[in-house]
Number of protein chains: 2
Amino acid sequence: MSILFWQQPYDESFRMVADIPTTRDKILQAAAEITKEVGPVNLSLDAVAKRAGLSKGGLLYTFPTKAKLLEGLVEQHVSEFDQSLRREEASRNFGPNSVVLAVIAVYRAEFVCNEPEPSGILAAIANDPGFLEPIRRYNKQLLQRMRENAADPMLAMMVFLTIEGLRSLKLFEMNVLDRAEQIAAIDRLKNLFEPADPAPVETPAVA
Amino acid sequence: MSILFWQQPYDESFRMVADIPTTRDKILQAAAEITKEVGPVNLSLDAVAKRAGLSKGGLLYTFPTKAKLLEGLVEQHVSEFDQSLRREEASRNFGPNSVVLAVIAVYRAEFVCNEPEPSGILAAIANDPGFLEPIRRYNKQLLQRMRENAADPMLAMMVFLTIEGLRSLKLFEMNVLDRAEQIAAIDRLKNLFEPADPAPVETPAVA
DNA sequence: TTGACATTACCGTCCAGACGGTACAGTACT
DNA sequence: AGTACTGTACCGTCTGGACGGTAATGTCAA
């Protein structure tokens, strides 16, 4: 029911990073796409199977129940962010303000690369508010870490809120700000911690 | 389909402000409550009718289709905010920064009074992402007005984002910050525009 | 004042269709 | 032989919504 990070049927750790997507990945992406297009309510297993290019039986082989699929959506969302975050923290040697700066860096990269928001979590939440719990826990912990590691905890909180604002705008595809404005906002945040930014890259090439 | 603010069956303008709730109001509140409890996907007309204390037939008399009910949810959300905002703007005589300050004031009041988030909009969005469009339009216009009216447009944008962050945390009941912290964050924003705040009222009486 | 009809605000029932899930036989690759 | 599916058929449940009724209230002419 609410068991997040459940055991996967097989070990994926041997797979290459930028390899061809697994069936699992294809299903998750299909679910996110459908959610974005027709809304979480209309996310049916039939539709996901069709979009992912497999049969319903095949889908239910990978995800035995719809709840497991939704769990997969949430798990992917959280773990992908966390991995990026830890990487950024490590590159800053876990020094002062490293958590805040890492958070900023992760979102900056996301906005620069114009990565689509995996709106699948909306589907999960819409089906069962209980899926919010792990996200709640994660965010609580994240904010805690940001504050403890920051020179100015209050400022860290403001950064958290601003980022959260950007994130929610993206989640709802609320294109109120264009990409440049979003990046400018993030850089403004960054400058609160690193006042001297010698060469702010305005429009870096998209890899 | 996407006609917001549709004609209501009768003129409610004669009704007193703090009067007994109309059937319409009861239905809308019931829908919001159910959404919060069991998630937008499980918002059924039967459940709403039961919660609101009338039959399904009666519900469908007030809202001929489910889509109309969802429209009602969105419309209520937007119009209630807008009314509060205009009132706050007027009380500041539409002077410089009045829009930004009004937005801050509205949310401050909301957090101080601990008003519950009408999570009904989540239900609307979950059923049909098209319901985001009017909200998108409104927010775009709001941000525009905040910027044009503000002494520092960039700062106005940061305020908008921070408020948006607080709002999304509340929408998802992401109780990461306690009430005092949220109010402190809002006051910090306010002080960016009104540096000298002589007597910040902590818990003003609800009028 | 009364009878005829209209409108409002509902109730209770019914139904076609969609959905999640099961079951199982078959198949292609490793 | 096992893994990872395909494809079809099916079941029970839930859902939106159509529909026919009904009680209360209002309107208006005779």
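These numbers come from the heavy atoms of this one structure, side chains and all, not from hydrogens, waters or symmetry mates. Each chain gets a letter, A, B and so on, in the order the sequences are listed, and its residues count up from 1.
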Give a yes/no answer on whether the side chain of B/T65 brings an N or O atom under 4.0 Å of OP1 or OP2 in D/dG16.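 For B/T65, the contact criterion (side-chain N or O under 4.0 Å from OP1 or OP2 of D/dG16) is not met.
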
Can you check the [X] [atom1] to [N] [atom2] distance for me, whole Å?
X: A/N42; N: C/dA18; atom1: CG; atom2: C1'; answer: 11 Å
X: A/K50; N: C/dA18; atom1: NZ; atom2: C1'; answer: 13 Å
X: B/I27; N: C/dA9; atom1: CD1; atom2: P; answer: 12 Å
X: B/L60; N: C/dT8; atom1: CG; atom2: C1'; answer: 16 Å
X: B/D128; N: D/dG16; atom1: CG; atom2: P; answer: 14 Å
X: B/N127; N: D/dT15; atom1: CG; atom2: P; answer: 12 Å
X: A/L54; N: D/dC5; atom1: CG; atom2: C1'; answer: 8 Å
X: B/L43; N: D/dG16; atom1: CG; atom2: P; answer: 8 Å

Tell me which nucleotide among [options] gets nearest to the side chain of [X].
X: A/T62; options: D/dG17, C/dG20, D/dC5; answer: D/dC5
X: B/D46; options: D/dG16, C/dG20, C/dC11; answer: D/dG16
X: A/Y61; options: D/dG7, C/dA9, D/dA4; answer: D/dA4
X: B/S55; options: D/dG17, C/dT22, C/dG12; answer: C/dG12
X: A/K56; options: D/dC5, D/dG17, C/dG21; answer: C/dG21
X: B/S44; options: D/dG17, C/dG21, D/dT15; answer: D/dT15
X: B/L45; options: C/dC10, C/dG21, D/dG16; answer: D/dG16

Are A/R108 and A/E88 within salt-bridge range, i.e. N to O under 4.0 Å?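 No.
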
Please determine if A/K50 and A/D46 form a salt bridge, counting it only when a charged side-chain N lies under 4.0 Å from a carboxylate O. no

For [X] and [Y], indicate whether the former's side chain and the latter's backbone hold a donor-acceptor pair under 3.5 Å.
X: B/D178; Y: B/E181; result: yes
X: B/N42; Y: A/N127; result: yes
X: B/K140; Y: B/I135; result: no
X: B/R136; Y: A/E173; result: yes

Earlier contact from the 5' end, DNA chain D, for B/V41 and A/G53: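 Looking at DNA chain D, the more 5' nearest nucleotide goes with A/G53.
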
Can you check nucleotides 23-30 of chain C for protein contacts, nitrogen or oxygen pairs under 3.5 Å, and list what you find?
none

Answer yes or no for B/K170 and B/F111: cation-pi contact, defined as NZ/CZ to six-membered ring centre under 6.0 Å and angle to ring axis within 45°. yes

